[in-house]
There are 2 protein chains.
Amino acid sequence: MKNMSVLTEKAKEQGLRLTRQRKVVYEELTKVDTHPRAEEVFQMVKRRLPQVSLGTVYRNLKTLKEMGLISEYKYARNYSRFDARMEAHNHFTCLKCDRVFDLLEPPNLNFQQILPKQSGFKVRYSRLEFYGECPNCSRMNSF
Amino acid sequence: MKNMSVLTEKAKEQGLRLTRQRKVVYEELTKVDTHPRAEEVFQMVKRRLPQVSLGTVYRNLKTLKEMGLISEYKYARNYSRFDARMEAHNHFTCLKCDRVFDLLEPPNLNFQQILPKQSGFKVRYSRLEFYGECPNCSRMNSF
DNA sequence: TTAAGTGCAAATTCTTTGCATCATA
DNA sequence: TATGATGCAAAGAATTTGCACTTAA
């Protein structure tokens with residue numbers, strides 16, 4: 001699993017230990033593309049490490065984020081969702097089933113179209129979030 | 001103040017009462033363009049109605065949102081920000097001073113560029129959020 | 001008059017943290 | 001073996017809610 005070598009590398013690089021808990025949190029997060037919440041990650045990790053605590057999961061999610069290996073999204077809900085996919089991409093949140101989908105097509109946004117060059121705003125990053133019905137919920141036509 | 005007649009209208013329309021607290025919450029929110037948090041709205045309202053409670057402010061923000069008179073933004077923080085400006089617009093969040101600016105230029109986004117027509121995703125609305133340095137913090141050049 | 005709305009405080013939800021102990025490097 | 005990480009439980013921060021009282025319509 002090449003993902004693990006990235007983790008090992010980064011950990012050594014930053015003088016951090018590679019504990020079983022940290023490894024499993026990262027492994028489980030790379031397995032899914034559902035942008036799980038901390039509680040959901042906790043449940044996934046718990047299946048493999050029954051003794052793990054929620055606090056440890058929170059601490060490792062924070063550490064992995066600081067290592068640049070995962071992203072945290074706080075948009076549109078009162079809790080965070082986590083994602084091990086690090087390429088720039090957009091999200092589609094289904095208002096019905098609450099799932100978050102990745103939209104991998106590049107956004108192709110022209111910032112200058114929106115932010116005039118002389119405005120003085122320096123964009124570090126941007127996020128484009130879509131909300132609506134996913135194909136599955138849309139098909140059931142019961143919105 | 002024409003904003004108030006909108007409130008009166010909507011309230012009558014939906015069989016809701018127009019209490020002093022509800023009125024002042026809305027009035028204060030229309031006065032600012034700083035996207036205040038619930039606690040900040042509470043402080044603004046408290047200056048005019050010292051007896052008001054935080055719970056009442058939360059309840060009224062929720063009600064006003066349901067009335068379609070204000071918007072709630074939960075992006076990027078663990079708390080909400082509220083806004084009485086209802087036209088579609090984008091936001092710029094300064095990573096340094098944490099202020100949120102309105103960007104009124106229309107986004108001019110072509111959804112189909114990002115979401116292929118046949119994808120099955122039905123977009124209800126989208127949000128484009130910029131993050132970076134505002135003109136003021138950018139000028140101080142100390143990021 | 002009467003039910004929607006309020007004030008107050010307690011409860012909920014998500015997240016962080018202090019501390020004694022554990023285990024990686 | 002030294003110290004970064006863990007488990008546990010308690011604390012925090014933002015928000016919601018139950019209940020008796022108030023007030024707009």
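Using a 4.0 Å cut-off between charged nitrogen and carboxylate oxygen, K62(B) and E72(B) do not count as a salt-bridge pair. Between R85(A) and D102(A), at least one side-chain N (NZ, or NE/NH1/NH2) sits under 4.0 Å from a carboxylate O, which counts as a salt bridge. With respect to E40(B) and R37(B), no salt bridge is recorded, no charged nitrogen being found less than 4.0 Å from a carboxylate O. A salt bridge links R127(A) to E129(A): at least one charged side-chain nitrogen sits closer than 4.0 Å to a carboxylate oxygen.
Atom CD in Q51(B) sits roughly 14 Å away from atom C1' in dC21(D) (whole-Å rounding). If you measure from atom NZ of K74(A) to atom P of dA14(D), you get 11 Å, rounded to the nearest angstrom. Rounded to a whole Å, the CG atom of L16(A) is 21 Å from the P atom of dA2(D). Going from atom CG of L49(A) over to atom P of dA5(D) covers 16 Å, rounded to whole Å.
When DNA chain C is scanned 5' to 3' for any atom under 4.0 Å from a heavy atom of chain A, the first and last hits are dC14(C) to dA25(C).
The residue among L54(B) and R17(B) whose nearest nucleotide of DNA chain C lies closer to the 5′ end is R17(B). Where Q21(B) and G55(B) each meet DNA chain D at their nearest nucleotide, the meeting point lying more 5' is that of G55(B).
At a threshold of 4.5 Å between non-hydrogen side-chain atoms, the residues T63(B) and R22(B) count as touching. When side chains are defined from C-beta on, V25(B) does not count as touching F42(B), because their heavy atoms never get closer than 4.5 Å.
Sorted by residue number, the list of members of residues 33-47 of chain A with any non-hydrogen atom under 4.0 Å from DNA chain D is empty. If you check residues 57-73 of chain A against DNA chain C, the residues with a heavy atom closer than 4.0 Å are Y58(A), R59(A), listed by number.
For T19(A) and dT6(D), the shortest distance from a side-chain N or O to OP1 or OP2 is below 4.0 Å. Taking side-chain N and O atoms only, S80(B) has a distance below 4.0 Å to OP1 or OP2 of dT15(D).
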Under the side-chain contact (heavy atoms from CB on, under 4.5 Å) criterion, do V45(A) and T56(A) qualify, and how do the steps go?
-> CA-CA 11 Å; V45(A) 172; T56(A) 292; over 6 Å; no
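Judged by a 6.0 Å distance limit and a 45° cone about the ring axis, R124(B) is not positioned over the six-membered ring of Y131(A).
Remark: aromatic rings of F101(A) and H91(A) are distant, center separation not under 6.0 Å.
Using cut-offs of 30° and 60° for the angle between ring planes, the H89(A) and Y73(A) rings count as perpendicular.
A donor atom on one side chain and an acceptor atom on the other are not found under 3.5 Å apart for S5(B) and T8(B).
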